[in-house]
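I have placed the structure first, in the form of structure tokens, so that the comments after it can refer back to it.
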Amino acid sequence: PIYEPDLWWHLAHGRENVSGHIVRTNLFSFNYGDYRQRYTSWLFDTGSFAAWRIAGPVGIQAGQALLLTAALLMLFAACRVRAPAWSAGAVLGIGFFILEPRAIPRPHLVSFAGLAACTWLSERAMARRTAAPLWWTVPLIAGWSNFHVECVFGVLLLALFSTAELIRPSWLTRREAWKALWITTVAGLATMLNPYGWGLGAYLYE
């Protein structure tokens, strides 16, 4: 069964988006309907509504299963860059039990997969001893910003990695760490590539 009460709110937003009106106000509040809504997970809402129209609750559950599978597979791939399969499998098992109580159809499912993908790309950078793989985080975070506000955690992860390598190089040279910081800055700017632009930052500030 679907046990997420906010799903109906997301579906209602998706219905409005599909009709050609990206939701920008607190539309479904009976007394503050005109209050500015600086950011929504508009692409998650739209995709959820499409899944609901096509297959009803089964469509929602299928989408949820797909996102959770993507997160776990990406986590496994990240672990396998520098660890044997048995070790990666153990992390995957722990990850499953961490995700299970949070396995509800909300936009944070996209963030699970997004964070795992950023981790995988960081591991690739470490294994190759170059910041080059991190360029893939820019389109990743740009797309992610249309699904969930936690795309900023992807930027934070990159910032922590690149700053740590700059302070005490372990996997990257300082020159490559500076490149990683530059990529992090570009990825941060990419969070504005959604219909709300600066609204994502304003939403977090509020």
Side-chain angles (χ1 to χ4, degrees), residues 2-4 6-7 10-11 13-14 17 39-52 54-55 57-83 85 87-127 133-162 183-184 186-188 190-196 200 203-204:
I2 295 175
Y3 54 94
E4 169 48 36
D6 283 353
L7 175 64
H10 288 293
L11 292 178
H13 273 224
N17 295 336
Y39 174 81
T40 70
S41 303
W42 77 277
L43 206 50
F44 176 86
D45 299 343
T46 303
S48 296
F49 180 71
W52 182 269
I54 292 168
V58 173
I60 298 295
Q61 296 285 40
Q64 173 177 293
L66 184 65
L67 288 169
L68 289 170
T69 300
L72 290 168
L73 288 177
M74 194 61 68
L75 175 64
F76 184 79
C79 291
R80 285 291 289 125
V81 173
R82 293 186 296 127
S87 178
V91 172
L92 200 66
I94 295 169
F96 176 83
F97 287 105
I98 292 172
L99 292 184
E100 194 279 331
R102 298 163 180 82
I104 52 180
R106 293 179 63 92
H108 68 244
L109 295 179
V110 178
S111 291
F112 290 156
L115 277 171
C118 285
T119 303
W120 176 67
L121 290 167
S122 297
E123 287 287 339
R124 293 285 296 165
M126 293 164 71
L134 299 180
W135 279 113
W136 287 104
T137 63
V138 176
L140 170 68
I141 289 172
W144 185 359
S145 72
N146 291 274
F147 285 94
H148 196 213
V149 71
E150 285 180 7
C151 61
V152 296
F153 288 138
V155 179
L156 179 61
L157 181 64
L158 293 175
L160 289 171
F161 170 65
S162 53
I183 295 169
T184 300
V186 177
T191 61
M192 294 187 292
L193 295 179
N194 61 77
Y196 300 90
L200 186 151
Y203 169 80
L204 287 172

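How far CZ of R106 is from OG of S111: 11.0 Å, rounded to the nearest 0.5 Å. In this structure, OG in S48 is found 10.0 Å from CD in Q64, a value given to the nearest 0.5 Å. Atom CD1 of I60 sits about 10.0 Å away from atom CD1 of I54, to the nearest 0.5 Å. Here CZ of F112 is found 7.5 Å from CG of L68. Values are rounded to the nearest 0.5 Å. Atom-to-atom distance recorded for L73:CG and R80:CZ is 13.5 Å, nearest 0.5 angstrom. In this structure, CG in L121 is found 10.0 Å from CG in L157, a value given to the nearest 0.5 Å.
Residues F44 and H10 bring their aromatic ring centres within 6.0 Å.
Nearest approach of A116 to L75, heavy atoms of both residues: CB-N, 3.9 Å. Closest approach of F76 to A85, counting heavy atoms only: CE1-O, 4.0 Å. Considering every non-hydrogen atom in both P195 and N146, the closest pair reads CD-OD1, 3.3 Å. Between F97 and G93, the shortest heavy-atom distance links the atoms CD1-O, 3.1 Å. Of all heavy-atom pairs spanning L140 and C118, the tightest one is CD2-SG, 3.7 Å. Nearest approach of A190 to S145, heavy atoms of both residues: O-OG, 3.9 Å.
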(message) Checking I141 against T191 for the side-chain contact (heavy atoms from CB on, under 4.5 Å) test, could you report, in this order, the C-alpha distance in whole Å, the side-chain angles of both residues, the deciding distance, and whether it holds?
(response) CA-CA 6 Å; I141 289 172; T191 61; 3.6 Å; yes

(message) Before you tell me yes or no, could you show the steps for V152 and L200 under side-chain contact (heavy atoms from CB on, under 4.5 Å), namely the whole-Å CA-CA distance, both residues' side-chain angles and the distance that decides it to 0.1 Å?
(response) CA-CA 9 Å; V152 296; L200 186 151; 3.8 Å; yes

(request) Run the numbers on Y203 and Y196 for side-chain contact (heavy atoms from CB on, under 4.5 Å), then give the verdict. (result) CA-CA 10 Å; Y203 169 80; Y196 300 90; over 6 Å; no

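The side chain to side chain contact (heavy atoms under 4.5 Å, CB included) test applied to I183 returns A131, L134, W135, T137, V138, not counting sequence neighbours. Legend: residues meeting salt bridge (charged side-chain N to carboxylate O under 4.0 Å, His left out) with R124, ordered by chain and number and at least two apart, are absent. For T46, the side chain to side chain donor-acceptor pair (under 3.5 Å) test picks out N17, with sequence neighbours left out.
Between the side chain of H108 and the main chain of R102, a donor-acceptor pair closer than 3.5 Å is present. Checking side-chain atoms of N194 against main-chain N and O of W144 turns up no donor-acceptor pair under 3.5 Å. Between the side chain of E123 and the main chain of C79, no donor-acceptor pair closer than 3.5 Å is present.
For F153, the CZ atom sits in a loose shell: 12 or fewer heavy atoms of surrounding residues, nucleotides or ligands are nearer than 6.0 Å.
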